[in-house]
There are 2 protein chains.
Amino acid sequence: MAKTGDRSRAVPGSALALLHFALDRTSPVPLYYQLAQQLEAAIEQGALAPGDLLGNEIDLSTRLGLSRPTVRQAIQSLVDKGLLVRRRGVGTQVVHSQVKRPLELSSLYDDLEAAGQGPTTRVVRNEHVPATADVAAALGVPEGGDVVRLERLRATHGQPVAFLCNHLPATLLDLDTERLESTGLYRLLRSAGITLHSARQTIGARSATAEEAGLLAEKEGAALLTMQRTAYDDTGRPVEYGTHVYRASRYAFDFQLLVRS
Amino acid sequence: MAKTGDRSRAVPGSALALLHFALDRTSPVPLYYQLAQQLEAAIEQGALAPGDLLGNEIDLSTRLGLSRPTVRQAIQSLVDKGLLVRRRGVGTQVVHSQVKRPLELSSLYDDLEAAGQGPTTRVVRNEHVPATADVAAALGVPEGGDVVRLERLRATHGQPVAFLCNHLPATLLDLDTERLESTGLYRLLRSAGITLHSARQTIGARSATAEEAGLLAEKEGAALLTMQRTAYDDTGRPVEYGTHVYRASRYAFDFQLLVRS
DNA sequence: TAGTGGTCTAGACCACATT
DNA sequence: ATGTGGTCTAGACCACTAG
């Protein structure tokens, strides 16, 4: 209503008015991306509070010297991330939440890497083997074809956490055992120019066999978390098939889901 | 090279040329969405095979009588779904994969609903209780505040599968026990106008207690899958906090991840 | 009735990959 | 050198929400 109103309630559209955005047209970074990053920073730092309205897109674009589609692209990318909400006839506002960014969708990267101090990895096996039926099906290679079999034991704080068994197409890359012990498999793939794009996962549980119990310092019959994963690169080709076993007493999967309408 | 070349290899850009797309400008359905749906159908039905090129966006737009941004919007939505891949200087092609659409990102909807025949649900408890500390923290209500506590036992084929304990803000909606037994909680929320938007999940495992074993027809100490979830609506407000226990012998989580660059 | 986001157009120039 | 997608502009009209 009144332009100079009660300050105890935010004046709609004013939250952004005070902020300054620095756009560099000479930068190779796209303008919409620069704007999106600065908006995201403003939200994370609290300059834009949950529920704040952004003000309409037309004003915003003229104020920033951008076209409306460019501003929309920036806003849309944050909507996709779950940081903003658009409502027709109402406006765009900062999402009303505690969980700003609890966890990336990750879980494709070795989750242990982020969970506390540096994990250690011991490579138990790293050799070429003929593909068994399940491996062949997952990797899309003929049964009996040449694949790399990798077995690793991962630990943090001197305690074993997981036993990881992975299979990869033999032609994909050379897996150096030494580097595998100092970094994650996915980091290695990435540095070899392989960009992961999607993965199909199955998470379950079962009781530890005697052998697993020995490897993981658990008692036989203890509850274990299991995960099977097939990962694909950006062309949709399978690049990795993993069968992992985690100590349930020391590990859990933790992630955020976004519903796509 | 030659325009009329070897037919054993697909002529780039020709895959789409033979397809017909029916766009209805009088429909309230957006044009980019109509196009996206028909492209997706063509991919799923195999009219567009993995690796096929779509042909450049300019030609496509003129052929369809659409502007390039509109065509791009359609293509982009399929890229986001993981069905198409764009490569600058190369073109857009159908993703090279077996996994067309193995599973939705779902898992927000009651997963059991899709897994085989109709599951049955028995509501064990459905009452208002004061919020405990963990519930209060998850739902963003004061400790001791009024919340609804829901306990359900779910079964398929006459066998128990999971014990579900959920907490919801008391003011959110009325939970009719009868309807809860005939449908899922999330369907109920949706029909009450609450649109879920995101969720934070933790999946782990542990051994069954005596009580859990009794409920789920397992032996004490059997491996169980556990899941904790806080779900948020499209404004970011928490609407549900669940603590679920699944029989590992009869259930596993199965989903697909998309890496967002 | 006014204001918002949702959709759409018809151009333009650039960066990159292939030939 | 050519062709591709990536980005950007400056408008337009529509559908929905609010007061």
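Throughout, a chain's letter reflects where its sequence line sits, starting with A, and its residues are numbered from 1.
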Q: Looking only at side-chain atoms of B/R86, point me to the closest of C/dC8, D/dA15, D/dG5.
A: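 When the side chain of B/R86 is considered, D/dG5 is the closest of C/dC8, D/dA15, D/dG5.
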
Q. Counting side-chain heavy atoms from C-beta on, which of D/dC8, D/dT4, C/dT9 comes nearest to B/R88?
A.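 Within the option list, the nearest is D/dT4.
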
Q: Could you check B/R87 against A/V29 and say which one's nearest nucleotide on DNA chain D is further toward the 5' end?
A: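 Its nearest nucleotide lies further toward 5', so the answer is B/R87.
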
Q.
Both A/L31 and A/V90 contact DNA chain D. Which one's nearest nucleotide lies toward the 5' end?
A.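 Comparing both residues, the 5'-ward one is A/L31.
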
Do any side-chain nitrogens or oxygens of [X] fall under 4.0 Å of OP1 or OP2 in [N]?
X: B/R25; N: C/dT9; value: yes
X: A/N56; N: C/dT4; value: yes
X: A/T70; N: D/dT7; value: no
X: A/T92; N: C/dT4; value: no
X: A/Y32; N: D/dC8; value: no

Q.
Using side-chain contact (heavy atoms from CB on, under 4.5 Å), reason through B/I43 and B/L84 one step at a time and then give a plain yes or no.
A. CA-CA 9 Å; B/I43 293 172; B/L84 295 178; 3.8 Å; yes

Q | DNA chain D: stems of at least 3 consecutive Watson-Crick or G-U pairs whose donor-acceptor distances fall under 3.5 Å | A |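 Listed by first number, the stems are C:1-18 with D:1-18.
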
Q. How far apart are the closest heavy atoms of A/V94 and A/A49, and which atoms are they?
A.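 Taking A/V94 first and A/A49 second, the nearest heavy atoms are CB-O, 3.4 Å.
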
What is the separation between atom [atom1] on [X] and atom [atom2] on [N], rounded to the nearest whole Å?
X: A/L84; N: C/dG6; atom1: CG; atom2: P; result: 12 Å
X: B/I58; N: C/dT9; atom1: CD1; atom2: P; result: 13 Å
X: B/Q73; N: D/dG6; atom1: CD; atom2: C1'; result: 15 Å
X: B/E57; N: C/dT9; atom1: CD; atom2: P; result: 14 Å
X: A/L54; N: C/dG5; atom1: CG; atom2: P; result: 9 Å
X: B/R72; N: D/dC8; atom1: CZ; atom2: P; result: 11 Å
X: B/L53; N: C/dT18; atom1: CG; atom2: C1'; result: 13 Å
X: A/L64; N: D/dC8; atom1: CG; atom2: P; result: 13 Å

Identify every side-chain donor-acceptor pair in residues 65-72 of chain B under 3.5 Å, counting partners at least two apart or on other chains, and give the distances.
unit_1 : atom_1 : unit_2 : atom_2 : d
B/S67  : OG     : B/T70  : OG1    : 3.0
B/R68  : NE     : B/E57  : OE1    : 3.0
B/R68  : NH2    : B/E57  : OE1    : 3.0
B/R72  : NH1    : B/E57  : OE1    : 3.3
B/R72  : NH1    : B/E57  : OE2    : 3.3

Q: Look at the side chain of B/E240 and the backbone N and O of B/N166, then say whether any donor-acceptor pair between them is shorter than 3.5 Å.
A: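 Looks like no, no N/O pair under 3.5 Å.
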
Q.
Using a 3.5 Å distance criterion without hydrogens, assess whether the side chain of B/T183 forms a donor-acceptor pair with backbone atoms of B/L180.
A.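 A pair under 3.5 Å: no.
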
Q. With sugar-phosphate meaning primed atoms plus P, OP1 and OP2, does B/R68 contact a base, only sugar-phosphate, or nothing at under 4.0 Å between heavy atoms?
A.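 Result for B/R68 = base.
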
Q.
By the 4.0 Å heavy-atom rule, please label B/P69 as base, sugar-phosphate, or nothing.
A.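 Answer is base: heavy atoms of B/P69 come under 4.0 Å of a base.
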
Q.
For a quick check under 3.5 Å, do A/Y33 and A/Q73 share a side-chain donor-acceptor pair by atom type?
A.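 No, because no side-chain N or O of A/Y33 sits under 3.5 Å from a partner of the opposite role on A/Q73.
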
Q.
So, applying side chain to side chain contact (heavy atoms under 4.5 Å, CB included) with B/V85, which one of B/V95, B/V90, B/L78, B/V79 is it?
A.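 Looking at B/V95, B/V90, B/L78, B/V79, the match for B/V85 under the side chain to side chain contact (heavy atoms under 4.5 Å, CB included) is B/V95.
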
Q | Spacing of CD1 belonging to A/I75 relative to CG belonging to A/L39, to within rounding of 0.5 Å | A |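 One finds 7.0 Å between CD1 of A/I75 and CG of A/L39.
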
